[in-house]
Amino acid sequence: MIPVTKPFLPPMEEYNKYIAEIWNRQWLTNNGPLVNELELKLKEFLNLKHLLFLTNGTIALQIAIKAMGLKGKIITTPFSYVATTSSIVWEGCEPVFADIDPDTLNIDPDQIEKKLKAEQNICAILATHVYGNPCDIDRIQSLADRYKVKIIYDAAHCFGTKYKGRSVFEYGDISTVSFHATKLFHTIEGGAVITKDAELLRKMSLLRNFGHDGPYQFSELGINGKNSEMHAAMGLVNLRYIRQILQKRKELSGYYSKVLKNADVTFVKLHDENEYNYSYYPVLFPTDQMTNKVIDELNKNWIYPRRYFYPSLTLLPYVNATHMPVTDLVSSRVLCLPLFHTLTIEEIDFIARIILRVQNN
Ligand SMILES: Cc1ncc(COP(=O)(O)O)c(C=O)c1O
C-alpha cells in the first residue's frame with residue numbers, strides 16, 4: 001500500500017533517550033525543559049524572534065484570532081483545510097470567502113480587495129500559504145495597510161519555506177503552523193504561533209495557559225494550548241533530521257516532475273521569491289472525470305492519493321454557501337500524490353505509469 005503520506009519516524013533509541021530523561025525528571029507537561037528547548041531550537045533553526053509551541057495548528061489559529069481581539073468578518077480562502085474556516089467560526093467571527101488564483105491556488109489579492117470594498121466590518125485577512133507556497137505577501141500586506149485590517153497566515157504547511165530569504169513565518173501579524181504527524185516536521189500532535197510583536201507574544205502565552213497570570217490570577221480568557229514533554233522530545237529528535245527530510249522531498253518531487261512531464265497535468269505555480277519546502281506534490285487534471293478515473297486506477301493498485309483540499313470550504317454546513325468558480329473547479333481536479341521520506345523512485349515510477357496509462361487510453 002502506498003498512502004499519500006507517512007510520518008517521519010526517527011531512530012527509536014534517540015527518542016527513548018529523551019523519554020528516559022523525562023521519567024527521571026518526572027516533569028511531563030506545563031512548560032517543561034524540553035518544551036523550552038524545542039522553542040529555542042526552532043527559533044534558532046528558523047531564525048525567528050518569537051515562537052510558542054502549542055498543542056496543534058488549530059488551537060494556534062484560535063489563539064491568534066483571540067489574541068488580536070478580532071470581532072466581525074474575516075476574509076479567508078475557500079481552498080484550505082477545514083481548520084482555517086472552523087477556527088474563525090469557533091471564535092465567533094464570520095468568514096467572508098475570497099476566491100483563489102487559478103495558478104498558485106492561493107487566495108487572490110484582487111478578490112480580497114473586492115471584498116474589502118464591498119463588505120462592512122472586516123477586521124482581518126486569514127490566508128493559507130497553500131502547500132507551503134507563499135501567498136502574494138506584498139500585495140496582501142499593502143491591502144491590509146490601506147484598509148487597516150490584521151493579517152494571520154495559516155502557514156500549517158510551511159515548515160522550512162523561505163520568502164525573500166527569511167522564514168515565511170515572519171510575515172503577517174501572526175503566522176500559525178501545524179506540527180501534526182503528517183507534516184514534514186512534526187511533534188506527533190503540535191503546532192506553533194509566530195509573531196514579531198512582543199505584546200502579542202505575551203498575550204498568546206497567557207492564552208495558551210488558561211489565562212493564568214500567577215498561580216491564582218487570571219488576566220485573560222484563556223484555553224489549554226500547552227504541549228507536553230513527550231511531544232517536544234519528538235520534535236527535538238526530528239529537528240536533527242530536518243535538512244535530510246527537506247532534501248529528500250526536493251529530490252522526490254523533482255523525480256515526479258520528470259516522469260510526469262508528458263502527462264496531461266498542470267502543476268501549481270510557485271512564488272518566484274520562494275525557497276520551497278516541497279510539502280506536497282499536487283497536480284491538477286484537466287477534468288473531474290479524469291481525476292476520478294486516476295483515483296480509481298491508483299486505488300486498484302493500493303495507491304491512495306488525496307483530494308486535498310476538497311470540497312470547497314464554502315460548502316461547510318455552518319457557513320453561507322457561496323459559489324467560488326475557481327475553487328470549485330480546482331478542488332474537483334486536484335490530487336496530492338504520495339510524498340513522504342521513505343517513498344522510493346520505483347514507487348514514483350509505478351504511480352506515474354498508472355497515470356500515463358489512464359490518460360493514454
Ligand atoms: C492548512 C491547514 N490549517 C490548519 C491545520 C490544522 O492543524 P492541526 O492538525 O495541527 O490542528 C491543517 C492540518 O492539516 C492544515 O492543513
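Owing to the predicted nature of the structure, the values given are computational and were not obtained by experimental measurement. Counting starts at 1 for both ligands and their atoms, in listed order. FYI, the numbering just counts along the sequence from 1. Hydrogens, waters and symmetry mates are skipped; everything else that's a heavy atom, side chains included, is used.
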Could you tell me, atom by atom, which parts of ligand 1 come under 4.0 Å of a heavy atom of Lys183? 13 (C), 14 (O), 16 (O)

What residue and heavy atom of the protein are closest to atom 12 (C) of ligand 1, and at what distance? Tyr81 CD2, 3.6 Å

Atoms in ligand 1 with a heavy atom of Ala83 nearer than 4.0 Å: 4 (C), 5 (C), 6 (C)

Looking at Asn56, which atoms of ligand 1 are within less than 4.0 Å of one of its heavy atoms? 10 (O), 11 (O)

Part of His157 with heavy atoms under 4.0 Å of ligand 1, whether side chain, backbone, both or neither: side chain

One finds that the ligand 1 atoms under 4.0 Å from a non-hydrogen atom of Gly190 are 10 (O)

For Gly57, the atoms of ligand 1 under 4.0 Å from one of its heavy atoms are 7 (O), 8 (P), 10 (O), 11 (O)

Answer yes or no: is there an ion pair linking Arg139 with Asp110, defined by an N-O contact shorter than 4.0 Å? yes

Check this for me, if you would: do Glu13 and Lys17 make a salt bridge, where the nitrogen-to-carboxylate-oxygen distance has to be below 4.0 angstrom? no

Show the numbers, then the answer: is there a side-chain contact (heavy atoms from CB on, under 4.5 Å) between Thr161 and Ser167? CA-CA 6 Å; Thr161 292; Ser167 166; over 6 Å; no

Per-atom contacts of ligand 1 with Ser80, taking only distances under 4.0 Å to non-hydrogen atoms: 1 (C)

Kindly assign one of parallel, tilted or perpendicular to the pair Phe8 and His341, based on the angle between their ring planes and the thresholds 30° and 60°. perpendicular

Would the number of heavy atoms belonging to other residues, nucleotides or ligands and lying under 6.0 Å from NZ of Lys248 be above 12? yes

For Tyr280 and ligand 1, does the shortest N/O to N/O distance drop below 3.5 Å? no

If I apply the N/O under 3.5 Å rule, does Thr58 come out as touching ligand 1? yes

Is it true that Lys41 and Glu37 make a salt bridge, defined as a side-chain N closer than 4.0 Å to a carboxylate O? yes

Got more than 12 heavy atoms from elsewhere within 6.0 Å of CG, Asn320? no

Should Arg166 and Glu170 count as an ion pair when the cut-off is N to O under 4.0 Å? yes

Counting non-hydrogen protein atoms only, what is the nearest one to atom 2 (C) of ligand 1? Give residue, atom name and distance. Ala156 CB, 3.4 Å

Please give me the minimum heavy-atom distance between Asn277 and Cys158, naming the atom from each residue. ND2-C, 3.4 Å

Atoms of ligand 1 under 4.0 Å from any heavy atom of Tyr308, numbered from 1 in the order shown, are 14 (O), 16 (O)

Between Asp154, Thr84, Ile59, flag the one that comes closest to atom 4 (C) of ligand 1 by a heavy atom. Asp154

